[in-house]
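For reference, the structure discussed in these notes is given below.
This chain uses plain numbering: 1 for the first residue, then up along the sequence. Treat the numbers as computed from the prediction; the structure is a model and nothing was measured.
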Amino acid sequence: MINDFAAGAGYLFKGFGYLNTKGLRRYIWVPTLISLVVYLVLLVVFYYQFGSLMDYLLPDANAVSDWPSWIRWAGEALLYVLRILLWAVFFLAYALAMFYSFTILANIIGSPFNGILAAKLEALLTGNSLPDEPLTLAMISKEAKHAVSHEIKKTLYFLLFAIPLLLLFLVPVINIAASFIWMVFTAWMAALQYIDYPADNYKIGFKAMREQLKTKRSLALGFGGATMLLMLIPFLNLITMPVAVIGATILWVEKLETPSQSLNDTAEPNHISHNPDN
């Protein structure tokens with residue numbers, strides 16, 4: 001069990017070695033850059049909005065010019081300190097929001113690219129050559145339609161278990177174990193999130209993929225746990241999604257894929273023609 005857990009974690013870090021691989025770069029860096037631009041735009045918008053709110057709630061230095069001289073300096077100093085503290089709270093809050101929401105946003109934006117990335121990488125790993133298709137809006141749109149339905153399924157599955165687990169934190173004594181249970185659950189969800197991409201390329205539905213992962217539970221939890229830890233590291237969390245997709249694809253090829261599913265037996269990956277019933 002321990003060896004499988006460690007091996008699963010190792011698959012995530014194998015993903016770093018493929019970030020600059022020719023033929024894969026566009027599917028890695030395009031969604032990452034789009035996500036980053038969105039966050040920078042939101043930062044600018046919130047910055048100006050928060051600045052306006054500060055000006056409305058707190059008087060500026062001129063507002064204390066009519067105060068008695070013996071408290072004027074103290075008033076100006078207090079306002080200055082308050083502004084610094086509030087700006088510090090703002091950037092801390094934004095950083096926390098970015099940490100908790102960046103992965104969600106990145107997955108939404110990157111979903112149309114991730115299935116293609118998994119298929120391209122698997123072809124590379126198995127020695128098959130796939131046509132180097134241009135990255136067109138039509139291709140992205142086609143993948144996006146399918147990706148949305150899959151993301152909804154994963155979200156519903158997450159909520160089905162997350163809500164009862166969160167309620168455990170309200171129960172005395174049991175809430176001590178709730179933290180551990182929650183960590184295991186989030187690691188399991190991280191594994192499901194990213195291994196779903198290579199599995200989906202073979203029309204393996206979300207439920208069937210879950211059943212397959214249960215036979216390699218320690219391996220999956222190791223991979224998911226390492227993914228969650230990577231999300232905690234500033235800046236590196238910006239590339240968690242492509243690294244995890246690549247690591248999940250390598251794990252799929254080496255540990256989960258059955259011989260009948262090999263790309264050697266297919267002319268092209270099945271992400272080109274998804275089965276909507278899966």
Check against side chain to side chain contact (heavy atoms under 4.5 Å, CB included), N114 and Y27: CA-CA 7 Å; N114 290 341; Y27 308 110; over 6 Å; no
Is [Y] close to [X] at the side-chain level, that is, under 4.5 Å between some pair of heavy atoms?
| X | Y | result |
| --- | --- | --- |
| L236 | T240 | no |
| L19 | W29 | yes |
| W252 | L125 | no |
| L167 | L170 | yes |

Measuring from atom CG of L256 to atom OG1 of T249, what distance do you get when rounded to the nearest 0.5 angstrom?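 One gets 11.0 Å once the value is rounded to the nearest 0.5 Å.
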When rounded to the nearest 0.5 angstrom, what distance separates OH in Y18 from CG in L124?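 If I round to the nearest 0.5 Å, the distance is 6.5 Å.
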Answer yes if M183 and L168 sit in the same cluster of Ile, Leu, Val, Met, Phe, Trp and Tyr residues linked by side chain heavy atoms under 4.5 Å apart, and no otherwise.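 Linked within one cluster.
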Same apolar cluster: L165 and W188, side chain cutoff 4.5 Å: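 L165 and W188: one cluster.
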So, for [X] and [Y], which heavy atoms are closest and what is the spacing to 0.1 Å?
| X | Y | result |
| --- | --- | --- |
| T21 | G17 | OG1-O, 4.2 Å |
| R26 | P31 | O-CD, 3.9 Å |
| M189 | K154 | CE-O, 3.8 Å |
| M209 | L192 | CE-O, 3.5 Å |
| A244 | L12 | CA-CD1, 3.7 Å |

Regarding Y197 and E122, do their side chains bring together a donor and an acceptor under 3.5 Å, going by distance alone?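 No donor-acceptor contact under 3.5 Å links the two side chains.
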State yes or no: are the ring centers of Y47 and W87 separated by less than 6.0 Å?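 Aromatic pair counts; centres sit under 6.0 Å.
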If you look only at distance, which donor and acceptor atoms sit under 3.5 Å apart when one is on a side chain in residues 214-224 and the other is two or more places apart or in another chain?
unit_1, atom_1, unit_2, atom_2, d
K214, NZ, E211, OE2, 3.3
T215, OG1, Q212, O, 2.5

side-chain hydrogen bond (donor to acceptor under 3.5 Å, both in side chains): pairs with one or both residues in residues 5-14, sequence neighbours excluded: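 Listed by first then second residue: Y11-E254.
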Give a yes or no answer on whether the side chain of N201 reaches the backbone of A118 with a donor-acceptor pair at less than 3.5 Å.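 Checking the backbone N and O of A118 against the side chain of N201, no donor-acceptor pair under 3.5 Å is found.
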Indicate the ring-plane relationship of F185 and F161, choosing parallel, tilted or perpendicular according to the 30° and 60° boundaries.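 If you compare the ring of F185 with that of F161, the planes turn out tilted.
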Which of parallel (below 30°), tilted (30 to 60°) and perpendicular (above 60°) describes F16 and F13?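 Answer is parallel, since the angle falls under 30°.
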My understanding is that only residues two or more places apart in sequence, or in another chain, count here; which of them pass side chain to side chain contact (heavy atoms under 4.5 Å, CB included) with Y48?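 Partners of Y48 by the side chain to side chain contact (heavy atoms under 4.5 Å, CB included) criterion, ordered by chain and then number, come out as V44.
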For L159, is the CG atom crowded, meaning more than 12 foreign heavy atoms sit under 6.0 Å from it?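 Counting other residues, nucleotides and ligands, CG of L159 exceeds 12 neighbours.
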